[in-house]
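Note that ligands are numbered from 1 as they come in the structure, with each ligand's atoms numbered from 1 the same way. Keep in mind that this is a model prediction, so the values were computed, not measured.
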Amino acid sequence: MANSIKMVDLHGQYLKIKDEIDQAIQEVINTSAFINGKPVEAFAGELADYTGAKYVIPCANGTDALQIAYQALDLKPGDEVIMPAFNYVASAEAAAMLGLKPVFVDVHEDTFNINENLIKERITSATKAIVVVHLFGQSANMEPILEIARQFKLKVIEDNAQSLGSEYTFKNGNKQLTGTMGDIGTYSFFPTKNLGCFGDGGAISTNNQDLAQKATMISRHGQGQKYAYEIVGCNSRLDTIQAAILSVKLRNLNKYLQSRIEAGRCYNQLLENLFQVIRPSDNSWSKHTYNQYVIRLNKRDKIKDLLKAAEVPTMIYYPSPLHLQKAYAYLGYKTGDFPVAEKLCHEVLALPIHTEITSHEQEFVINSLIQSINSL
Ligand SMILES: *Cc1c(COP(=O)(O)O)cnc(C)c1O
């Protein structure tokens, strides 16, 4: 039993749809249209249908998606972009590559998402956009963020790499999928995301036709007519084989999300009376899709080692906040600037969660966790 517990189980997921996937890949090989083959456009249409976004532009990965989004929004060197300090590196990196200035904001300790109450104090005359990162499968609190953006005329980019299929509920009861509430949503199809391909993949979504056209052009070397380069762009394409795989997997996405949600609920129950562990909060405004199940606890590193010895894999997302990373030292932040993000980095531990995990495996994980805590 212990040997079989995996952080993710991509192979087990593949085996359940093997025939369809194999056939989809074989069809691409048969046509050999490996770049910009028909499945790429087909998948873009299907993802647009799924999300309700008017336009979906596929690209090579979720980091490129952010860079293309910044460029499509016409952000210029020196422009400031607000984003959470407790975060994957991509939104800061893509900004820095374009000469934009990442401006960090602390997060909520119960949801790990950007603290909307701390955004206004970071806004200056150079601020042009807010990147909302929906972390671990849960929506940030969008309604007040969209209101701040309206008030200060800022663009909103939703980094939805981890939360495709998650929903936000507005105060009036309306529900909307993450990635579709701001000006642009960005997606990653890295294999472990809610919708993952067999390599790298990404996309951006928008309801704005001008942004869609611009993003398309940027992702194709800034090309309008063939060999006519109107703006500086890049080369960022979704491979045809990946698109064909994604179409098959998108048909199963709701089932995958349901498995994740059930696994999340199972952990919530198993941890209910374990006072040493803080469970991820499932707040009223978001449907949590548990791309990751992240708990908080003391002596995290020791517990992680003990779990490893018990053959229970875990991961730390994230061990260090962005403002204390060497690459971003030039921004001039110091320890203490974002106390919640810094604290979380010492406490967070991601437990195994994926579409194939069984409740028996989850019981084993939690029993091992309890034993580890009791042995300290
Ligand atoms: C995975 C991820 C990305 C980047 O995705 P890639 O496809 O690996 O470039 C961006 N932002 C967040 C929050 C992510 O989790």
Side-chain angles (χ1 to χ4, degrees), residues 7-8 10 43 47 56-71 81-98 100 102 104-105 107-108 111-114 129-140 142 156-166 178-179 182 184-205 215 218-219 234-239 242-243 245-246 249 260 280 286 288-294 315-322 325 327-328 341 344-345 348 350 353-354:
M7 201 62 203
V8 293
L10 300 172
F43 168 67
L47 188 61
V56 166
I57 298 100
C59 65
N61 57 67
T63 309
D64 278 6
L66 283 156
Q67 187 168 330
I68 293 166
Y70 295 146
Q71 281 187 278
V81 181
I82 287 175
M83 61 187 73
F86 183 75
N87 185 0
Y88 185 61
V89 72
S91 46
E93 176 183 55
M97 289 293 283
L98 295 172
L100 317 179
F104 300 125
V105 168
V107 296
H108 286 294
T111 65
F112 312 107
N113 278 323
I114 191 165
I130 304 172
V131 184
V132 180
V133 183
H134 303 298
L135 217 57
F136 302 149
Q138 186 169 226
S139 179
M142 286 304 287
V156 174
I157 297 156
E158 295 177 77
D159 179 349
N160 201 27
Q162 298 184 9
S163 300
L164 174 57
S166 303
T178 52
I184 293 187
T186 65
Y187 304 81
S188 165
F189 308 119
F190 185 84
T192 61
K193 310 290 186 182
N194 282 354
L195 178 66
C197 58
F198 289 10
D200 277 309
I204 78 174
S205 70
I218 291 162
S219 70
C234 60
N235 172 26
S236 189
R237 297 184 285 238
L238 179 66
D239 288 355
Q242 300 303 343
I245 291 165
L246 285 166
K249 290 190 70 177
R260 288 182 179 281
S286 178
H288 202 319
T289 57
Y290 296 105
N291 182 248
Q292 301 293 343
Y293 189 93
V294 177
M315 297 285 271
I316 296 172
Y317 307 115
Y318 297 95
S320 171
L322 290 185
Q325 296 281 353
Y328 299 94
L344 288 176
C345 290
V348 288
I353 194 161
H354 51 79

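- Each of the atoms 2 (C), 3 (C), 4 (C), 10 (C), 11 (N), 12 (C), 13 (C), 14 (C) of ligand 1 lies under 4.0 Å from some heavy atom of Tyr88.
- For ligand 1, the atoms sitting less than 4.0 Å from at least one non-hydrogen atom of Ala161 are 2 (C), 3 (C), 10 (C), 11 (N), 12 (C), 14 (C), 15 (O), numbered in the order shown with element in parentheses.
- For a threshold of 3.5 Å applied to N or O pairs, the pair formed by Ala90 and ligand 1 contains no separation below that value.
- When side chains are defined from C-beta on, Val348 counts as touching Ile316, because their heavy atoms get closer than 4.5 Å.
- Exactly one of Ser139, Ser166, Ser163 qualifies for a side-chain hydrogen bond (donor to acceptor under 3.5 Å, both in side chains) with Thr289. That residue is Ser166.
- Residue Thr63 approaches ligand 1 through these ligand atoms, each under 4.0 Å from one of its heavy atoms: 4 (C), 5 (O), 6 (P), 9 (O).
- Checked by distance only, ligand 1 and Lys193 come closer than 3.5 Å through their nitrogen or oxygen atoms.
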Next on the checklist: Go through it in stages, so that I can follow the logic: the residues are Gln325 and Val89, the test is side chain to side chain contact (heavy atoms under 4.5 Å, CB included), and I'd like the CA-CA distance, side-chain angles, deciding distance and then a yes or no.
Outcome noted: CA-CA 10 Å; Gln325 296 281 353; Val89 72; over 6 Å; no

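- For the residue pair His134 and Gln162, no side-chain donor N or O sits within less than 3.5 Å of a side-chain acceptor on the partner.
- Contact between His134 and ligand 1 is absent, with no heavy atom of the residue lying under 4.0 Å from the ligand.
- You'll find the ring centres of Phe43 and Phe189 inside the 6.0 Å limit.
- Ring pair Phe136/Tyr290: centre-to-centre distance not below 6.0 Å.
- When each atom of ligand 1 is checked for a heavy atom of Val133 under 4.0 Å away, the hits are 13 (C).
- In the vicinity of Asn61, heavy-atom distances shorter than 4.0 Å reach the ligand 1 atoms 7 (O), 9 (O).
- In this structure, the side chains of Val107 and Phe112 stay at 4.5 Å or more apart for every pair of heavy atoms.
- Contact atoms of ligand 1 toward Gln162: 13 (C), 14 (C), 15 (O) (distance under 4.0 Å to a heavy atom of the residue).
- For atom 11 (N) of ligand 1, the closest heavy atom belonging to the protein is Asp159 OD2, 2.6 Å.
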